[in-house]
Amino acid sequence: RTTHSVRAQTHSESVLFSLHALHSSSSMNLKIPQVPPPAPAAPRVWTTLDLLNWTKPFFEKKGIAPALLESQLLLAEALHCERMRLYTDFEKPVGAEHLATFREFVRRRAELREPSQYILGHTQFIDLKLKVTPAALIPRPETELLALWAVARAKEAGEAPVVLDL
């Protein structure tokens, strides 16, 4: 041992001895106040804008595109409102029940890769809102373009066209 380590040990032992003597001394009544545990943190208050700002990059990392549109559609459905309302009420806190619904929607979309149309239970096709279930095929955007093209050609024909729907 070096002289330095002996001194350090001797000093440590004297401090410990002094503390032990204070603790065991009956002449001193040391009362250490109990410190209450810290209060639990208040749960975060999420607004519609917070949820969109969190979900968009999350979906982008998961390769879900268009991430912002998907986020908006799922949140609007969870809140039972139109997409535009998400931005007019962007500072409005989202209640626990709606937040739980949205989280479940996001989980299903991101982890299970379930199409948003199945999660929502509907999809838009031209100017129609169609009910969609896993038992039905989801109309593709190309199908919508084809239908619009066919309507335009039928109008150009002038007469009442004969259309076969398969």
Do Phe102 and Leu74 pass the side-chain contact (heavy atoms from CB on, under 4.5 Å) test, and can you show the C-alpha distance, the side-chain angles, and the key distance before you say yes or no?
CA-CA 7 Å; Phe102 180 64; Leu74 295 175; 4.0 Å; yes
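With sequence neighbours left out, the side chain to side chain contact (heavy atoms under 4.5 Å, CB included) criterion links Lys155 to Val151.
The structure places CZ of Arg103 at 8.0 Å from CG of Leu51, a figure rounded to the nearest 0.5 Å. Arg113 CZ to Glu111 CD: the interatomic distance, rounded to the nearest 0.5 Å, is 10.5 Å. Taken from CG in Leu52 to CD in Gln72, the straight-line distance is 6.0 Å, to the nearest 0.5 Å. Residue Lys56 holds its NZ atom at 13.5 Å from CD1 of Ile64, rounded to the nearest 0.5 Å. A distance of 11.0 Å separates CG of Leu145 from CZ of Arg140, quoted to the nearest 0.5 Å. Atom CD1 in Ile126 sits 10.0 Å away from atom OG1 in Thr143 (nearest 0.5 Å).
For the side chain to side chain contact (heavy atoms under 4.5 Å, CB included) with Gln124, the qualifying choice from Lys129, Glu144, Gln117 is Lys129, the only one to do so.
Counting only heavy atoms from C-beta outward, the side chains of Leu49 and Leu86 never approach each other to under 4.5 Å. By the 4.5 Å heavy-atom criterion applied to side chains, Leu68 and Phe59 are not counted as neighbours. Side-chain contact between Arg83 and Leu69: present, with at least one pair of heavy atoms (C-beta onward) separated by less than 4.5 Å.
By the 4.5 Å side-chain criterion applied to Ile, Leu, Val, Met, Phe, Trp and Tyr, Val132 is assigned to a cluster that also includes Tyr118, Ile138.
Residue-environment remark: CD (Glu97) stays at or below the threshold of 12 foreign heavy atoms within 6.0 Å. Residue-environment remark: CG (Leu137) stays at or below the threshold of 12 foreign heavy atoms within 6.0 Å. Atom CD of Glu82 has 12 or fewer heavy atoms from other residues, nucleotides or ligands within 6.0 Å.
Under a hydrophobic-cluster definition in which Ile, Leu, Val, Met, Phe, Trp and Tyr are linked whenever side-chain heavy atoms come within less than 4.5 Å, directly or via other members, Leu128 and Leu146 are assigned to different clusters. Hydrophobic clustering, with ILVMFWY side chains joined whenever heavy atoms are under 4.5 angstrom apart, groups Tyr87 together with Leu75.
Shortest non-hydrogen contact noted between Ile119 and Arg108 is CA-NH2, 3.6 Å. Minimum interatomic distance between Val106 and Phe58 (heavy atoms only, all atoms of both residues): CG1-CE2, 3.7 Å. In this structure, Pro139 and Leu130 approach most closely via the heavy-atom pair CG-CD1, 4.0 Å. Residues His98 and Ala78 come closest through the heavy atom pair ND1-O, 2.8 Å.
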For residues 35-47, which side-chain donor-acceptor pairs fall under 3.5 Å, sequence neighbours excluded?
from, atom 1, to, atom 2, distance (Å)
Thr47, OG1, Asp50, N, 3.1
Thr47, OG1, Asp50, OD2, 3.1
Thr47, OG1, Phe90, O, 3.4

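The existence of a salt bridge linking Arg109 and Glu70 is confirmed by a sub-4.0 Å separation between a basic side-chain nitrogen and an acidic carboxylate oxygen. Using a 4.0 Å cut-off between charged nitrogen and carboxylate oxygen, Glu104 and Arg107 count as a salt-bridge pair.
Using modelled atom types, no side-chain atom of Thr55 and backbone atom of Ser71 make a donor-acceptor pair closer than 3.5 Å.
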